[in-house]
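Source: prediction; values computed, not measured.
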Amino acid sequence: MATKKFKCKVCGYVHEGNEAPEKCPLCGAPKSEFEEIVEGGAAPKKKGLDTSSNAYTIIYAAVMVILVAFLLVFVSSTLKERQTANVINDTKAQILASLNIKDQADVASAYQNAVKADMLMQADGSLVPYEGEFCTGYSSEYDAGRLHVFQAEVDGQTKYVIPMNGLGLWGVIWGYIALDEDRQTVYGVYFSHASETPGLGGEIAAPLFQSRFPGKIVTSDGQVALQVLKFGKADKTSAYQIDGVTGATITSTGVNNMINKVLTSYLPFLNGACCAQQCCNEDGCEEEQNVESIED
């Protein structure tokens, strides 16, 4: 019966037998210091997986991909509820900002106190309660013909908030415009963007630009009259014109187009303010008289 050969790695002694000796007879090295000598110079086969093989690499990569995918799904599902709540709170904070209610520590509570109803405008301009889940984006709602109107109360006075969406120079822009109970006078606005240039188009989200809107009138003769013009072109005495952002003509035009597009869709609601409030008298609509006095 053929025997194996084992070499002491310490002194080089070669032992023949079925297994290495418990101790090297020359240097006294323990059995663990012996290695088997394989004929032909080939290295002895290792027990277990060959970590240098292609099969091992493929199996290892597949296992890692599966583990990472599982972890991502787990983290996503675990954080989904919190992420959704954060997005909802951010949307509510934007609506509140258009009502000049800002920097609230408890946005959810402030929203509940100020916003009384989420309504949908009907073809005749009337409002009906919205029964769906709270929306965090109104572009798709607008495209689907669901025109939201938020009814709010600030300092005991009724306000209406209309969501808006459009395009700037580099991407989407959006915002909210809050109106007084007459549905004609701007109470406040909020604008934001996805990718407008900082210091230029991005300034639509800054207080300086947004502060130009309160007190302006949105319609005239039944049509949208509120305008955002190139900076320096607006008539400061006009009840309808607003200076755009300095050096951001295209983004300012985008805001103007957004306002015109969205508010035109809401004209049945905006123009229904007079009859709804019974503000007409023998001399005509009080709102129209107020606008004329501003223009004078």
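- For the residue pair Lys159/Gln157, the side-chain donor-acceptor check at 3.5 Å is satisfied.
- Between the side chains of Thr185 and Asp182, at least one donor N or O lies within less than 3.5 Å of an accepting N or O.
- Proximity of a side-chain donor or acceptor of Gln151 to a complementary backbone N or O of Asp118 within less than 3.5 Å is not detected.
- Within the 3.5 Å criterion, the main-chain N or O of Gln241 finds no donor-acceptor partner in the side chain of Lys236.
- Of the possible donor and acceptor atoms, one in the side chain of Arg212 sits under 3.5 Å from a partner among the backbone N and O of Gly244.
- A cation-pi arrangement is present between Lys261 and Tyr142 under the rule of less than 6.0 angstrom and at most 45 degrees off the ring axis.
- Side chains of Asp180 and Gln184: a donor-acceptor N/O pair is absent below 3.5 angstrom, by distance only.
- Here the shortest heavy-atom pairing between Gly222 and Asn271 reads O-ND2, 3.2 Å.
- Within the 3.5 Å criterion, the main-chain N or O of Phe191 finds a donor-acceptor partner in the side chain of Gln210.
- Relative to the six-membered ring of Tyr160, Arg183 meets both conditions, a distance below 6.0 Å and an angle of at most 45° to the axis.
- Using a cutoff of 4.0 Å between basic side-chain nitrogens and carboxylate oxygens, Lys7 and Glu36 are not scored as salt-bridged.
- Across all their heavy atoms, Val107 and Leu96 have their closest contact at O-CD1, 3.9 Å.
- In summary, the side chains of Ser139 and Trp174 do not present any donor paired with an acceptor at a separation below 3.5 Å, with no hydrogens or angles considered.
- At distances below 3.5 Å, not a single donor-acceptor pair connects side-chain atoms of Ser238 with backbone N or O atoms of Ala234.
- A donor-acceptor pair under 3.5 Å is formed between the side chain of Asn100 and the backbone N or O of Tyr187.
- By the 4.5 Å side-chain criterion applied to Ile, Leu, Val, Met, Phe, Trp and Tyr, Phe231 is assigned to no cluster and stands alone.
- Of the possible polar contacts, none joining the Lys102 side chain to the Leu99 backbone as a donor-acceptor pair under 3.5 Å is found.
- Centroid-to-centroid, the aromatic rings of Phe209 and Phe213 come within less than 6.0 Å.
- Judged by the 6.0 Å and 45° rule, Lys92 forms a cation-pi pair with Phe134.
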Derivation of the side-chain contact (heavy atoms from CB on, under 4.5 Å) call for Val128 and Met119: CA-CA 5 Å; Val128 298; Met119 314 287 281; 5.7 Å; no

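- For the pair Ser109 (side chain) and Asp106 (backbone), a donor-acceptor distance under 3.5 Å is absent.
- A distance-only check finds no donor-acceptor pair linking the side chain of Gln104 to the backbone of Ala93 [under 3.5 Å].
- Once rounded to the nearest 0.5 Å, the distance linking CG of Asp243 with NZ of Lys230 reads 11.5 Å.
- How far OH of Tyr190 is from CD1 of Ile95: 11.0 Å, rounded to the nearest 0.5 Å.
- When atom types are taken as modelled, the side chain of Asn260 and the backbone of Asn256 share no donor-acceptor pair closer than 3.5 angstrom.
- Ile259 contributes atom CD1, which lies 5.0 Å from atom CG of Leu226 (distance to the nearest 0.5 angstrom).
- Atom CD in Glu133 sits 9.5 Å away from atom OG1 in Thr84 (nearest 0.5 Å).
- Considering CG of Leu179 and CG of Leu270, their distance stands at 6.5 Å, rounded to 0.5 Å.
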